[in-house]
Amino acid sequence: MPPGVRSAQAMGEGAGDVADSTGEVFDVVILGGGSGGYACAFRAAELGLSVALVERDKLGGTCLHRGCIPTKALLHAAEVADAAREGGNFGVRTALEGIDMAGVNKYKDSVVGRLYKGLQGLAKAHKVTLVEGEGRLAGKDTVQVGDRQLKGRNIVLATGSYARSLPGLDIGGRIITSDQALTLDYVPSSVIVLGGGVIGVEFASVYKSFGADVTIIEALPRLVAAEDETASKALERAYRKRKIAFKTGVKFTGATQDDGGVHVSLESGETIDAELLLVAVGRGPTSAGLGYEEAGVTVDRGFIPTDERLRTNVDGVYAVGDLVPGLQLAHRGFAHGIFVAEEIAGLKPVPVVDSGIPRVTYCDPEIASVGLTEAQAVEQYGADKVSTFEYNLGGNGRSQILGTTGFVKLIRVVDGPVVGFVAVGARMGEQVGEASLIVNWEAYPEEVAQLIHAHPTQSESLGEAHLALAGKPLHVHA
């Protein structure tokens, strides 16, 4: 057992069982069984701590059941549709006969089902006590679930987030969020996507591949505005080519619906009509009505502020994942959960820093990034201390075989390490793992340039970019 870890026997039923008595005492009680909650539970159990994990719905939370996994399954189905449609470009005689949404949903649900079954098995193997039901913080060391109380020497808040709407915009009928979009049993003829962030551009990509006419409405000046500006421009070029319409810098003012469709009004006075309106304006923290404030926990606009060690203002109470201001990513939740478990166990883990977390938008083309954008680097270090290089995928053999365009961009401190990476193109999400190591280990271009990348692979694009930054470009015009 690692030093500093206390062993405690859970007072309750066995692993994976739903306890039915009252008054259990655990080393850790976790409210929420999504990415952050179950990661914390599993790691804490590995470290010899007794753990109760409270979940009102299904283990795995939004990510597994209404987020990452089902949306990416839809995106893969969309990729298959495009491949069938475009087979002639590769000398393969294929045609897209249509989209069978019942079949798509069956495939999507089967992926989720297999992962859910595996997750349940992991909970049992880790001897985590699962408590099913609506949990509420009833004190700084107590979680109330129905008529029973779970006492925790440490409490972890991991209740995640929900799909936001806008004031006055009621969800229902032809106006849906990502939650309802995942259960549609037909392909709409036309869709307006309200919001040009990650969720919006991903669903826009799916609907276009499935054959719908798509228009994105974004109040900010560009799509995926949180990304490096070069990524936004590349995505906008690609969406114009795909005939995905978008209006940026335009504010939404209202929507009505009738038997004929949904009618969206803009501040400019323009009205746009479609069969469906998908509201994709981000996710809000799930914290209301859960007893947080009554227990003394500070809540700021629904979020739970923490210090770098994810401690709330109440001693012994931690918060993880989407509840904590910052990036709303499942793998951030995983990292938070592991960190808190190790913190409770006394292992003094290294804090999780948002800028070091890789980010992927799974539209077509994909966007992958980690570290600072160019603008952030300039703000932090000064314009004269930052240099960048963009490697065009036109020079990458594997990308040409796949028929994708895009780039890999590196951002470095002059005479210093690489502090940012952004890439646009098919499958670029698979390259962000290496980029994450480069940025987080503060590697210099000269160091990465020494590494050999297999040929032909898309990973060569990272090698080529680092070779160029190191002053010895190979497949790059000077």
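Only a predicted model underlies this, so the values are computations on that prediction, with no experimental measurement involved. When reading the values below, keep in mind they use all heavy atoms of this one structure, side chains included, and skip hydrogens, waters and symmetry mates.
If you take OG1 on Thr253 and CD on Glu270, they are separated by 10.5 Å, rounding to the nearest 0.5 Å. Annotation: the span from Ser287 atom OG to Arg301 atom CZ amounts to 12.0 Å, rounded to 0.5 Å.
With 3.5 Å as the limit, one finds no donor-acceptor pair spanning the side chains of Asn396 and Ser461. Defined by atom type and a distance below 3.5 Å, a donor-acceptor pair is missing between the side-chain atoms of Arg66 and Thr71. For the 3.5 Å distance criterion, the side chains of Glu218 and Thr248 fail to qualify, holding no donor opposite an acceptor. Judged purely by distance below 3.5 Å, without hydrogens or angles, the side chains of Thr373 and Glu227 never pair a donor atom with an acceptor atom. Using modelled atom types and a 3.5 Å distance limit, the side chains of Arg359 and Ser369 yield a donor-acceptor pair. Judged purely by distance below 3.5 Å, without hydrogens or angles, the side chains of Asp364 and Ser205 never pair a donor atom with an acceptor atom. A donor and an acceptor atom, one from each side chain of Asp213 and Ser190, are nowhere located under 3.5 Å apart. Side-chain N/O atoms of Tyr292 and Thr159 include a donor and acceptor closer than 3.5 Å.
Ring orientation note: the planes of His65 and Tyr116 are nearly perpendicular, at an angle over 60° on the 30°/60° scale.
Counting heavy atoms from C-beta outward, Arg283 and Ile199 have side chains that approach closer than 4.5 Å. Contact check for Tyr207 versus Leu278: side-chain heavy atoms found under the 4.5 Å cut-off.
Between Arg56 and Glu132 there is no salt bridge, since no side-chain nitrogen of the basic residue lies less than 4.0 Å from a carboxylate oxygen of the acidic one. Under the 4.0 Å criterion applied to side-chain N and carboxylate O atoms, Arg85 and Glu97 are not assigned as salt-bridge partners.
Taking every heavy atom of both residues into account, Tyr239 and Val201 meet most closely at OH-O, 2.7 Å.
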